[in-house]
Amino acid sequence: MLRLPPFQVSSPTTLRAVLEALAEGPNARLLAGGTDLLPNLKHRLAAPERLISLARVPELVRIEDQGSALSIGSGVTLRALGEHERVRRVFPSLATAAGEVASPVIRNMGTLGGNIHLEPRCRYVNQSAFWRRGIGGGCLKSEGDRCHVVPKGRNCVAAMSSDCVPVLIALEADFELASVRGSRVVAARDYFRADGLRATVRADDEVLVAVRLPTPTARRLERYVKWTVRKSIDFPLISIALRFDLEGPSDDASVLDAVVVVGVLGAKPRRVGRMDELVGRSAGDPQLAEEVADRVHAQCKPLENVPYEADYRRKMLR
């Protein structure tokens, strides 16, 4: 049996109290649903002295229509997000992504903020401490000093396996952060770093308060697709978020903007380049999908950081 390490728990009831608790010391972690954090604690991938629960903070569970944008609190559960009428109607790819995370039990507990801050995963680190000792003392992300995926690599290449993150980047979301020092807004595309040791730009004393999604001003086609071995429970082995903004009549629409974001490659999702070359093309062009697939296949090369061979995962990307 894997046991939790000892820690203290505080349960503030206001956002201000959360920020003050975080500012008291560096060795604290935020606890929302706990579906990612608690298993990692059991695997001794972290050992915080204190957990700060967000369960009693009403400011974090609001979904507000602001006209030009939809603001979604970081404490909104994945189930509530996937079933929300406006999210399903205006941002269907996000509703799909939230509704495909793990299992119903986990979606009832897990939150949007937790899914955004899902710890990057790797086949060599998401194991028990006993298992990691068996491969020679862990890796860059645990107790060791080398990467088993890229032997001479200096950065951790654990994979960001969040379902919601590629979609939020594709939808050009903004993240609202707060601390006792003040607040700031960071674009989703700038929020993630290509290093699994510290995969986001969030400071230790900051809290993700809300995600702001700009309301579409053009007709849009969007979708989220992931591949896993099983249809539930599993993390994605590859994932793709697509967004195509269109203009013109529905029977002869042309591409106004095109965005494709691929996840589960490394710690930072990859926004596929050269998509601006599709602008102005007919949305009904049968070659369009093939050209997108070519770009994804050429630019995205999975690593051996999650189960299944990298070459096979790349074929599945196409």
Side-chain angles (χ1 to χ4, degrees), residues 35-36 39-40 43 45 93 96-97 100-103 106 115 118-167 169-170 192-197 199 223-242 260-275 289-318:
T35 58
D36 183 54
N40 285 341
H43 287 152
L45 294 175
S93 60
T96 297
E100 292 189 358
V101 174
S103 68
I106 291 176
N115 197 249
L118 186 71
E119 195 67 31
R121 301 181 60 80
C122 180
R123 66 199 310 172
Y124 294 101
V125 70
N126 290 97
Q127 309 282 352
S128 68
F130 175 80
W131 188 98
R132 296 197 303 274
R133 286 196 296 271
I135 62 171
C139 63
L140 292 175
K141 195 168 174 61
S142 54
E143 307 85 359
D145 58 2
R146 65 192 181 103
C147 177
H148 298 282
V149 179
V150 183
K152 294 185 179 181
R154 296 183 178 181
N155 285 353
C156 172
V157 294
M160 169 56 73
S161 301
S162 164
D163 284 285
C164 294
V165 164
V167 174
I169 295 175
F192 299 92
R193 304 172 66 246
D195 189 348
L197 300 183
R223 191 173 179 189
Y224 172 72
V225 183
K226 72 174 180 178
W227 174 66
T228 60
V229 178
R230 298 178 292 183
K231 296 301 182 184
S232 65
I233 304 298
D234 287 353
F235 288 95
L237 296 174
I238 52 172
S239 63
I240 304 180
L242 305 98
V260 177
V261 180
V262 180
V264 205
L265 299 175
K268 182 177 182 177
R270 184 180 184 89
R271 181 164 172 159
V272 177
R274 295 178 53 204
M275 298 302 293
E290 190 65 28
E291 291 184 28
V292 172
D294 288 342
R295 284 171 170 77
V296 170
H297 187 262
Q299 298 179 37
C300 301
K301 298 179 181 180
L303 298 170
E304 298 286 352
N305 48 9
V306 297
Y308 275 72
E309 293 78 6
D311 288 344
Y312 186 71
R313 290 168 58 218
R314 191 180 184 204
K315 291 179 180 178
M316 293 300 293
L317 277 174
R318 178 183 288 281

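Since the model is a prediction, treat every value here as computed from it, not as a measurement. By convention here, the first residue in the shown sequence is residue 1.
- By the salt bridge (Lys or Arg N to Asp or Glu O under 4.0 Å) test, Lys268 is found to be paired with no residue, residues two or more places apart in sequence or in another chain being considered.
- Residues Leu237 and Val264 are not in side-chain contact: their nearest non-hydrogen atoms beyond the backbone lie 4.5 Å or more apart.
- Among residues two or more places apart in sequence or in another chain, the salt bridge (Lys or Arg N to Asp or Glu O under 4.0 Å) test is passed with Glu100 by none.
- In this structure, CD1 on Ile238 lies 10.0 Å from OG1 on Thr228, to the nearest 0.5 angstrom.
- In this structure, CG on Asp311 lies 8.5 Å from CD on Glu309, to the nearest 0.5 angstrom.
- Considering every non-hydrogen atom in both Asn305 and Leu265, the closest pair reads ND2-O, 2.9 Å.
- From Lys226, atom NZ reaches atom OG1 of Thr96 across 11.0 Å, with rounding to the nearest 0.5 Å.
- For residues 297-318, every residue pair satisfying the ring-ring contact (aromatic ring centres under 6.0 Å, His included) rule, not counting sequence neighbours, is listed here: Trp227-Tyr308, Trp227-Tyr312.
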Applying side chain to side chain contact (heavy atoms under 4.5 Å, CB included), run through Val296 and Val262 and close with a yes or a no.
CA-CA 8 Å; Val296 170; Val262 180; 4.2 Å; yes
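- Summarising the geometry of Ile135 relative to Tyr124, their closest heavy-atom pair is CD1-O, 3.9 Å, with the distance given to 0.1 Å.
- Contact check on Glu304 versus Arg313 returns no salt bridge, with no Lys/Arg side-chain nitrogen under 4.0 Å from an Asp/Glu carboxylate oxygen.
- Across all non-hydrogen atoms, the minimal contact from Val261 to Pro166 is CB-O, 3.7 Å.
- With Ser142 contributing its side chain and Cys139 its backbone, the two residues share a donor-acceptor pair below 3.5 Å.
- Tested against Lys141 for a side chain to side chain contact (heavy atoms under 4.5 Å, CB included), the candidates Glu119, Arg132, Arg121 yield a single pass: Glu119.
- Separating the CG atom in Asn126 from the CH2 atom in Trp131 is a distance of 10.0 Å, to the nearest 0.5 Å.
- For the pair Val260 and Met275, the minimum side-chain heavy-atom distance is below 4.5 Å.
- Separating the SG atom in Cys122 from the CG atom in Leu140 is a distance of 10.0 Å, to the nearest 0.5 Å.
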Test Lys301 against Arg270 for side chain to side chain contact (heavy atoms under 4.5 Å, CB included), laying out the working first.
CA-CA 10 Å; Lys301 298 179 181 180; Arg270 184 180 184 89; over 6 Å; no
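- Heavy atoms only, all atoms of each residue included: Ser93 and Val167 are closest at OG-CG1, 3.4 Å.
- Residues Ser239 and Val225 fail the side-chain proximity criterion, which asks for heavy atoms closer than 4.5 Å.
- For the salt bridge (Lys or Arg N to Asp or Glu O under 4.0 Å) test, residues two or more places apart in sequence or in another chain that qualify with Arg295 are Glu277, Glu291.
- The two residues Pro302 and Cys300 have their closest heavy-atom pair at CD-O, 3.5 Å.
- Partners of Arg133 according to the salt bridge (Lys or Arg N to Asp or Glu O under 4.0 Å) rule, which considers only residues two or more places apart in sequence or in another chain, do not exist here.
- Taking OH from Tyr224 and SG from Cys164, the interatomic distance works out to 8.0 Å, rounded to the nearest 0.5 Å.
- With a 6.0 Å radius and a threshold of 12 heavy atoms from other residues, nucleotides or ligands, Arg223 has its CZ atom at or below the threshold.
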List the steps, then state whether side chain to side chain contact (heavy atoms under 4.5 Å, CB included) holds for Val306 with Phe235.
CA-CA 10 Å; Val306 297; Phe235 288 95; over 6 Å; no
Under 3.5 Å, sequence neighbours excluded: what are the donor-acceptor pairs made by side chains of residues 144-161?
unit_1	atom_1	unit_2	atom_2	d
His148	NE2	Gly138	O	2.8
Ser161	OG	Ala159	O	3.3

